Amino acid sequence: MNTHYGRFGGQYVAETLMAPLKELEAAYESAGNDPAFRREFEEILRDYVGRESPITYARRLSDHLGGARIILKREDLNHTGAHKVNNTVGQALLARRMGKRRLIAETGAGMHGVATATVAALFGMPCEVYMGAIDVERQSPNVERMKMLGAKVHAVTEGSATLKDAMNEALRDWVTNCDDTFYVIGTVAGPAPYPQMVRDFQSVIGVEARRQCLEKYGRLPDQAIACVGGGSNAMGLFAGFIDDPSVRLVGVEAGGKGLASGEHAASINGGRIGVLHGSKTMLLQTADGNVIDTYSVSAGLDYPGVGPEHCHLHDTGRAEYSVINDDEAVAAFDALCRFEGIIPALESSHALAEAIKRAPSLPKDALLLVNLSGRGDKDMENVMRYKAGAKKAD
Ligand SMILES: *Cc1c(COP(=O)(O)O)cnc(C)c1O
């Protein structure tokens, strides 16, 4: 089991959490060795989530750009409309195996909260979700969804009342109730073994996409591109190609209003090493080490840290991490709507924008595989508001 990734990772938690982390580690290891666990996971992904998700050649968009072919991995077609459910299915199965009856989670934009509430309903488990009070207000449709699915949402008013405060509250709940409670973390972050566990559950994305590329094109993609918030959809995609040195792995961070503005969510490109959420990671922080609230037009990329394995892949150079700003992401969002009839999530639009930048200078037989991590119905209002604001500024 991986607990450290070069300089990053580890278990920076209160002593009282070491025992539940050990218990989780042991349970995850035993589940990994049990074919029945794997079989049930795969069955739910197939019959409930609707896997496998296809890959789609974005033909009109690629023709328009006049270079590489852009291929989309369609995580937007999963039940609940994004990749997050792959992971919450896995963790809920593990919770049940461990005899935990209650699920807790923290959420920023609310997407992970919805994915957790979804599997809690599926498995008949009570579910409580911690969410910063400011986020509760900003993301009210997702709060309504969670409640509709039977979850209880706690509005956290401590600190800046956003994601990092919700994380602290969730950890506090877990310390108090670890006998009967499973803490579902939504990305490849948090203390070990979460980064490895979430990567494994999401690796279905990359494993499928690799096979699909070989079947359809007779070769591997030249580049595998994914947006990076905490990094779970990217790590899931990368996992399929990490042993293929010919495939460039490209993570795309949210540049918000630009790196220089300070208003962004680019933890690798704009952060420094620090500890967040029980793990050593690249972190957006002030000179004296206070965590900075992130900004991005896409709420789902608003995580002030990033998974430790990404930090290490950046260190070693196996993966590269670029930055896409709000305006470029919104332009890519529009392009996919108009050229392909697909409304992408604003998060995924960051990965797409990077492919749109790279494609024209590449040969026509090059393949750029983009992880379309989610669908954009949830972002309609946000995009319209962004465009209205941009018009006013002109
Ligand atoms: C949450 C979310 C992300 C960002 O999370 P990662 O852990 O970085 O994958 C990206 N895309 C969508 C659609 C999301 O909901």
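Numbers here simply count residues along the sequence, with the first being 1. Treat the numbers as computed from the prediction; the structure is a model and nothing was measured. The figures that follow rest on heavy atoms only: side chains count, while hydrogens, waters and symmetry mates do not. Each ligand, and each atom within it, is numbered from 1 in the order the structure gives.
The cluster map of Ile, Leu, Val, Met, Phe, Trp and Tyr, joined by side-chain heavy atoms under 4.5 Å apart, puts V275 and I185 in different clusters. A single hydrophobic cluster is seen to contain both F201 and V184, as judged by linkage of ILVMFWY side chains at heavy-atom distances under 4.5 Å, directly or through other members.
Heavy-atom proximity to G374, at under 4.0 Å, picks out these atoms of ligand 1: 13 (C). With ligand atoms numbered from 1 in the order given, ligand 1 contributes 8 (O) to contacts under 4.0 Å with heavy atoms of G229. Listed by number with element, the atoms of ligand 1 under 4.0 Å from a non-hydrogen atom of N233 are 6 (P), 8 (O), 9 (O), 10 (C). Atoms of ligand 1 lying under 4.0 Å from any heavy atom of S232, numbered from 1 in the order shown and given with element: 6 (P), 7 (O), 8 (O), 9 (O). Within ligand 1, the atoms closer than 4.0 Å to a non-hydrogen atom of C227 are 10 (C), numbered from 1 in the order shown. Heavy-atom proximity to T187, at under 4.0 Å, picks out these atoms of ligand 1: 6 (P), 7 (O).
Ring geometry for F238 versus H310: interplanar angle over 60°, hence perpendicular rather than tilted (30 to 60°).
Remark: among candidates G376, G300, A299, the nearest residue to atom 4 (C) of ligand 1 is G300, based on non-hydrogen atoms.
If you check which protein heavy atom lies closest to atom 1 (C) of ligand 1, you get K84 NZ, 1.3 Å. The nearest heavy-atom contact from the protein to atom 12 (C) of ligand 1 is S373 OG, 3.5 Å.
Proximity of E75 to ligand 1, defined as any heavy-atom pair under 4.0 Å, is not found for any part of the residue. Looking at H112 against ligand 1, nothing comes within 4.0 Å, counting heavy atoms.
Of the inter-residue distances, the one linking C213 atom SG with L220 atom CG reads 7.5 Å to the nearest 0.5 angstrom. Taking CZ of R69 as the start and OH of Y217 as the end, the distance is 6.5 Å to the nearest 0.5 Å. Taking CG of L249 as the reference point, atom CD of E320 lies at 8.5 Å (rounded to 0.5 Å). Atom CE of M125 sits about 12.0 Å away from atom CD1 of I104, to the nearest 0.5 Å.
Taking a cutoff of 4.0 Å between a charged side-chain nitrogen and a carboxylate oxygen, K357 and E328 qualify as a salt bridge.
For Y130 and H154, the ring centers sit closer than 6.0 Å to each other.
Not a single N or O atom of V228, backbone or side chain, sits closer than 3.5 Å to an N or O atom of ligand 1. Residue A345 has no N or O atom closer than 3.5 Å to an N or O atom of ligand 1. No N or O atom of K378 sits closer than 3.5 Å to an N or O atom of ligand 1.
Under 3.5 Å, the side chains of S160 and K164 contain a donor-acceptor pair of N or O atoms.
Judged by the shortest distance from any of its heavy atoms, Q202 lies outside the 4.0 Å radius around the atoms of ligand 1.
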